[in-house]
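The structure under discussion appears below in the form of C-alpha cells.
Computed over heavy atoms, backbone and side chain alike; hydrogens, waters and symmetry mates excluded. Naming: A, B, ... by sequence-line order, numbering from 1 per chain.
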Amino acid sequence: MLPDLFSFERRRVDLGPGAAILGGFALDQADALLEQIERLSLLAPFRHMQTPGGRRMSVAMLNAGSLGWVSDLSGYRYERTDPQTGWNWPPIPPVFLELASQAAQTLGFEAFVPDACLINRYAPGTRLSLHQDRDEQDHHAPIISVSLGLPATFLWGGLERRDRTTRYRLTHGDVAVWGGPSRLMFHGISELKDGVHPLTGALRYNLTFRKTR
DNA sequence: TAGTGTCT
DNA sequence: AATC
C-alpha cells in the first residue's frame, strides 16, 4: 500500500457535547469567502457598533441575511434592515450557506439553514469579550464560526460567566461549531496580535452563522 | 437587563 | 482574575 501524499488528517478539537473546532474545514473555500466579504462590504459597510452601555466595540461588523445582529444604546437585537443605510442586509452568499450547512452536518446538526450571518473584522489590538450568543429565539440550531486571515486565541468558557475558560488557537480556515448542550456556552476572542496574512494582510475575519428563529 | 467593555 |  503506497502512502497517500495528497490527503492528510485534519485537526479536530473536541469542545464538549455538540461542539468542536474543525481544523482547516473552510480552507478550500477561503478565497471565495474572502471575495464575498469584499463584495458584501460594498453593500453594507463595516461599522463599529455601540454597546448598550455606550462603549464602542473594537471589532468592526456587518451582516448578511434576512436578519442582522445589531447593538446600540437600546440593546442587542436582530434587525431586518441596516440601521446605517435603511436597506435590507444583503443575502447570505450561496458559498457561505453551503459551508455552514456542511460544518453543521459534521457535528450531526442536519438541515442547518441560517437566517443571519454576522461578519466580524478584527484588526490587531481588537477583541471580543466573553459573551453568550443568546439574542436568537431558536436555541436548537448550532452556531457556526469560520475563521479567516490572522490567527486568534479563542476563549471557550462554560454555561456561566464565572466558569473557567480554555484557550484555543483559531487559524485561517478553521471552523468552530457549538450547539445542543453547548449552544449557550460563553466564548470570546483575545486581543488580536500583530501579524500579516498573505490573503488578508493585518486582519482577521470571522463569519458567524445563526438561525435566529 | 447588558459587560460583544473596562477597570482593578 | 474579579467587578460592575
Per-residue pairing states of DNA chain B in dot-bracket (Watson-Crick or G-U under 3.5 Å; . unpaired, | other strand) read ....|..|

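With A:Asp174 as reference, A:Arg11 is the one residue of A:Arg11, A:Arg204, A:Arg10, A:Arg169 to meet the salt bridge (charged side-chain N to carboxylate O under 4.0 Å, His left out) rule.
The local environment of CZ in A:Arg213 is sparse, with at most 12 non-hydrogen atoms from other residues, nucleotides or ligands closer than 6.0 Å. Heavy atoms from other residues, nucleotides or ligands lying under 6.0 Å from NE2 of A:His48 number more than 12.
Taking 4.5 Å as the limit, every side-chain heavy atom of A:Phe25 sits out of range of all side-chain heavy atoms of A:Arg12. Looking only at side-chain heavy atoms (C-beta outward), A:Gln29 and A:Val146 stay at 4.5 Å or farther from each other.
Residue contacts shown for A:Met61 include a base, since a base heavy atom lies under 4.0 Å away. Among the protein residues, A:Asp135 comes within range of the nucleic acid bases, having at least one heavy atom under 4.0 Å from a base atom.
For the pair A:Leu73 CG and B:dT1 P, the computed distance is 12 Å after rounding to whole Å. Rounded to whole angstrom, the span from the CZ atom of A:Arg162 across to the C1' atom of C:dA1 amounts to 15 Å. What separates CZ of A:Arg164 from C1' of C:dA2 is a distance of 14 Å, to the nearest Å. Here the P atom of nucleotide C:dC4 and the NE2 atom of A:His131 are 22 Å apart, to the nearest Å.
Look at A:Asp138 and A:Arg210 and you find no salt bridge, because none of the NZ, NE, NH1 or NH2 atoms lies under 4.0 Å from a carboxylate O.
Comparing C:dT3 with B:dT1, their P atoms sit 25 Å apart, to the nearest whole Å.
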Pairwise N/O distances under 3.5 Å, protein to nucleotides 5-8 of chain B:
{"unit_1": "B:dG5", "atom_1": "OP2", "unit_2": "A:Ser129", "atom_2": "N", "d": "2.6"}
{"unit_1": "B:dG5", "atom_1": "OP2", "unit_2": "A:Ser129", "atom_2": "OG", "d": "2.6"}
{"unit_1": "B:dG5", "atom_1": "N7", "unit_2": "A:Ser129", "atom_2": "OG", "d": "3.2"}

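In this structure, A:Phe46 and A:Tyr205 have tilted ring planes: the angle between them lies in the 30° to 60° band. Ring geometry, A:Trp156 versus A:Trp178: the interplanar angle exceeds 60°, so the pair is classed perpendicular (tilted spans 30 to 60°).
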